[in-house]
2 protein chains.
Amino acid sequence: MDQIDEKILELLGANGRMTSSEIGKHVHLSVPAVSERIRKLEEAQIIDKFTVRVNREQIGLHLLAFIMVQLEKPEHVAGFREMIAQTPSVRECHHIAGSYDYLLKVALKNTSELELLISEQIKRVEGVAKTNTMIVLSTMKEEM
Amino acid sequence: MDQIDEKILELLGANGRMTSSEIGKHVHLSVPAVSERIRKLEEAQIIDKFTVRVNREQIGLHLLAFIMVQLEKPEHVAGFREMIAQTPSVRECHHIAGSYDYLLKVALKNTSELELLISEQIKRVEGVAKTNTMIVLSTMKEEM
DNA sequence: GCTGAAAGACCGGGCCG
DNA sequence: CGGCCCGGTCTTTCAGC
């Protein structure tokens, strides 16, 4: 994991389909050398996976929000996690330290869907004591 | 944008390097037909870009946190945005509705770096009235 | 959206510093 | 051991239908 690997990660981050020969021109290495480095980055799980970034706006998901959730007791965690796993509109779920226990990032069509998500999905889970929703007005930066 | 396109997006989301012939087997289409659909998804900006997902843990970024920031007045926004744009440890920055104005997602090596980020970078910006940091203990789900 | 041919990319073995 | 060169194979691309 030297500067060349970092450069390769940067190039692939910008364009995951960039060919090894194209990358080679940037880092002054031959095609097999670049392929080998990419293979090792995958093997070391530094590259988790190749993927596509989908523009949420273009597929009708105009509403992004963060929801903080407080659970009453540890025994309610399993049911909550089950609901999260089965709800595709929940894009991220982090267990956090602080006055709330979980922070969710959700992507939805509109506020009606948000209302349904909160009242029919999240608050229906046993043990959900409190939620606090922050609606995203605009996003300046969004990387992984 | 029909069911086949949705299926292609799903397959590429799981593996951005999946070949057109492989995708074709899943959606029962020929290679050129798949390529054409992918090209059109890119053209319509439904596919924002092909990229790689880097495992933060593997590159030493063991600490993930969300920081809520309150700005005093609108005239301080420009300086704040400038700082965000120039700080790579800030992975996301959303303008939000609620008692705070911005929500940041940051990835760092350790708590020392977090301390520096908050005290030397964020609080140094003129107009930053208040911040509230939520440390991520674990992540159950993280998609785009 | 399918077919077929050409260009280019990838993968293996062998070699060199 | 890491990188380069050179085969064969697979993939992509483009034309024509």
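Letters go in sequence order (proteins before strands), and every chain restarts at 1.
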Side-chain contact check for B/Ser35: nearest option of D/dG2, D/dT13, C/dC2 is D/dT13

Residues pairing under salt bridge (Lys or Arg N to Asp or Glu O under 4.0 Å) where one sits in residues 74-84 of chain B, two or more places apart or in two chains, turn out to be none

Separation of C/dG1 atom P from B/Leu29 atom CG, nearest Å, is 5 Å

Salt bridge (Lys or Arg N to Asp or Glu O under 4.0 Å) pairs touching residues 93-112 of chain B, sequence neighbours excluded, are A/Glu92-B/Lys105, B/Glu92-B/Lys105, B/Lys105-B/Glu142, B/Lys109-B/Glu113

Any donor-acceptor N/O pair, B/Lys49 side chain to A/Gly16 backbone, under 3.5 Å | no

What does the list of N/O pairs under 3.5 Å between the protein and nucleotides 6-9 of chain D look like, with a distance for each?
none

Check: Can the ring centroids of B/Phe50 and A/Phe50 be said to lie less than 6.0 angstrom from one another?
Finding: no

In whole angstroms, the gap separating P of D/dT11 from CG of B/Asn15 amounts to 13 Å

Between CD1 of B/Ile38 and P of D/dC14 the distance, given in whole Å, is 14 Å

From CG of A/Asp2 across to P of D/dC1 the rounded distance in Å is 18 Å

In whole angstroms, the gap separating C1' of C/dC11 from CD of A/Glu43 amounts to 16 Å

Exercise answer: donor-acceptor pairs, residues 124-132 of chain B side-chain atoms, under 3.5 Å, sequence neighbours excluded:
| from | atom 1 | to | atom 2 | distance (Å) |
| --- | --- | --- | --- | --- |
| B/Arg124 | NH1 | B/Glu120 | OE1 | 3.4 |
| B/Arg124 | NH2 | B/Glu120 | OE1 | 3.0 |

For residues 9-24 of chain A, the side-chain hydrogen bond (donor to acceptor under 3.5 Å, both in side chains) pairs (sequence neighbours left out) are A/Thr19-A/Ser21, A/Ser20-A/Ser35

Separation between CD1 (B/Ile47) and CD1 (B/Ile8), nearest 0.5 Å, reads 8.5 Å

**Request:** Could you tell me whether a side-chain N or O of A/Thr51 sits under 3.5 Å from a main-chain N or O of B/Gly13, the two making a donor and an acceptor?
**Result:** yes

Whole-Å distance, B/Glu36 CD to D/dG16 P, equals 16 Å

Sugar-phosphate, base or nothing in reach of A/Arg37, heavy atoms under 4.0 Å: sugar-phosphate

Check your understanding: Checking B/Gln70 side chain against B/Ser99 main chain: does a donor-acceptor pair fall under 3.5 Å?
Key -> yes

Considering only heavy side-chain atoms of A/Ser30, the closest of D/dT13, D/dC4, C/dC10 is D/dC4

Ordered by number, residues from residues 18-25 of chain A within less than 4.0 Å of DNA chain C (heavy atoms) are A/Ser20, A/Ser21

Note: for A/Arg17 and A/Val34 on DNA chain D, the residue whose nearest nucleotide lies more 5' is A/Val34

